[in-house]
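The sequence lines fix the lettering, A, B, ..., with proteins before strands; numbering per chain opens at 1.
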2 protein chains.
Amino acid sequence: MQRQGYIYNRAAANLRQRVSSTVALVINDLSNPFFAEFAAGVDEALGAKGFVTLLGSSNESPARQRQVLGSMIEHHPAGIILSPAENSDIADVELAIGRHAPLLVFNRELTGAPVAGFEYDFLGLDNRAGARAATARLLALGHRRIAFYGGHASSSSCRERRLGYLDALAEAGIAVEPHWMIETAPTRLEANAHAAELFAADTAPTAAVCYNDAVALGLMLGLARLGRHPGVDFAITGFDNIPEAAVGVPPLTTLNADPRARGRQAAELLLQRAAAPSSPRQSIIVPVLLTERESTPHAPSA
Amino acid sequence: MQRQGYIYNRAAANLRQRVSSTVALVINDLSNPFFAEFAAGVDEALGAKGFVTLLGSSNESPARQRQVLGSMIEHHPAGIILSPAENSDIADVELAIGRHAPLLVFNRELTGAPVAGFEYDFLGLDNRAGARAATARLLALGHRRIAFYGGHASSSSCRERRLGYLDALAEAGIAVEPHWMIETAPTRLEANAHAAELFAADTAPTAAVCYNDAVALGLMLGLARLGRHPGVDFAITGFDNIPEAAVGVPPLTTLNADPRARGRQAAELLLQRAAAPSSPRQSIIVPVLLTERESTPHAPSA
DNA sequence: CTGAAAGCGCTTACAG
DNA sequence: CTGAAAGCGCTTACAG
């Protein structure tokens, strides 16, 4: 049959059968290893089920995201997996895709008021419980002055992680000093630059729960610059468990989000949803587990 | 028109018009930042021209790559951008996609004998000239014992980079000691583990040209473990200029491959090709420029 | 059971 | 210039 170079035309078949063999994947930032791993996981699971991934990238721009979604929806995908750009509105997304394909939102909640009749599934990390576990571990190691370092409070994941941190401190009966909560862009560079703020007052922390691994690695550099020794006289935890975390100096204690597994999970949830469009929407919050490495020494006995 | 939720069916339009608005992108390893950036660049440029990216991932497996290409080709893309898995054969690729879509190969040459009538464009980096420039710079800084560190000699990019290194040393009239060429997997972890091999003989190098940035960053950790101080008593260069290179300790002198720009370039080349299917095939080798940072001190004056 | 016809949602070439 | 018909490559429901 195909010895003469015949190639099956799946688009024609899909048109006739009124089904789709594609799934759209729209990512806020492919150059972030966390999302790149997620995309790899999605593609892996979709490929295994015979689906092809339509890739789109929003670069954290809601305008670009709208455009990309609009272009994707014209290919009538079986579903859409969206890791939203910061500050992307429910109403915007609804406008772009209508109700023509099931939507799975990953990692961040959409902002704005719900739109009547527009529903979607959600897959996210248990940011609050994760940050709480990291903070609790530092408390168990004897730390009493613990900072929450990095991230933008405008992002839902940062707010949730801060809550978990506050939960743990409140439970231990510790009042948080204002200068223990330091806001930075969630990048290595910015985290490096703000390290000195931790030591601006005399109730300086002996440990920091960082917003994510990039921030934690940046803070390590910043501390070294200030003559401190992370993993020796200062304890640091991260969030995500990116590959660099294990090979940092010192190796970083962090929360394991396993983005590749999340990608596979997202793909499977979406395909289930596509098969059962009217069953109730789900919101799945995945627990994240602490992976202990050498960056979290005991508190100084002083 | 679309107030009532009408959505244009581009697949039907493509079928009727006998054109395609998709391009397939098959990547060997999305979790490598270099390729993730490349993918982001491709998607960006394709999106701007109204094309949608079909994403596939081979995970460095030629078998999986064949399968992915087969599944992509059924969607009749306007073209295929392939960053091949290691050891993927021309004949294999031809079998999977036939001559139904123009092919652009990125970064690595396909292996095996050419297949008559099966042609493709190629976009790659000037590995040889790049490595040569890095080596020449180390020579200019006074280094005389320079290693080539990391990478698998079975990969064409590693062989090419080694040739550039040898070019520069030969030009300077320096004979290479066997233990100056150390093979490791191209990862941070492996590069870290083999650092001691540099100092196994008494003609130990004072500098190393590394296969890529991951290897260079790993080697830095390994040197620190051995009580050496990269950027002070040992010079290191990388290859790629991944984001981590600029924020390492010390910041890494490296060759700027700008994968995102390569992605945009690949997309544009492919669309040109799709518009002019019969013009002669091109092989474009992009120069890579040295970005100097603090990891390359002068040779010790001893 | 086999084979010709109708139809998915578009676009285009052709008749009125 | 407008409107109905044909056709892209498939699948499916129906006639023989």
Could you check whether B:R99 pairs with B:E94 (Lys NZ or Arg NE/NH1/NH2 to Asp/Glu carboxylate O, under 4.0 Å)? yes
Any salt bridge between B:E37 and B:R264, counting N to O under 4.0 Å? no
Between A:N59 and A:S61, is any side-chain donor less than 3.5 angstrom from a side-chain acceptor? no
Can you tell me which residue among A:I80, A:D121, A:I81 is in a side-chain contact (heavy atoms from CB on, under 4.5 Å) with A:L103? A:I80
I'd like to know whether B:F38 forms a ring pair (Phe, Tyr, Trp, His ring centres under 6.0 Å) with B:F106, so could you lay out the CA-CA distance, the side-chain angles of the two residues, the decisive distance to 0.1 Å, and finally the verdict. CA-CA 10 Å; B:F38 175 75; B:F106 173 67; 3.8 Å; yes
Quick test of your reading of the model: are B:R108 and B:E60 salt-bridged, counting only N-O distances below 4.0 Å? yes
Polar side chain donor-acceptor pair, A:D43 to B:S57, under 3.5 angstrom: no
About how many Å separate CZ of B:R260 and CZ of B:F34, when rounded to the nearest 0.5 Å? 13.5 Å
Gap in Å between the two P atoms, one belonging to D:dG16 and one to C:dG7, rounded: 16 Å
Would you grab the first and last nucleotide of DNA chain D (5' to 3') that comes under 4.0 Å of any non-hydrogen atom in chain A? D:dG9 to D:dT12
The correct list of stems in which DNA chain C takes part (3 or more consecutive Watson-Crick or G-U pairs, distances under 3.5 Å) is C:1-3 with D:14-16, C:5-12 with D:5-12, C:14-16 with D:1-3
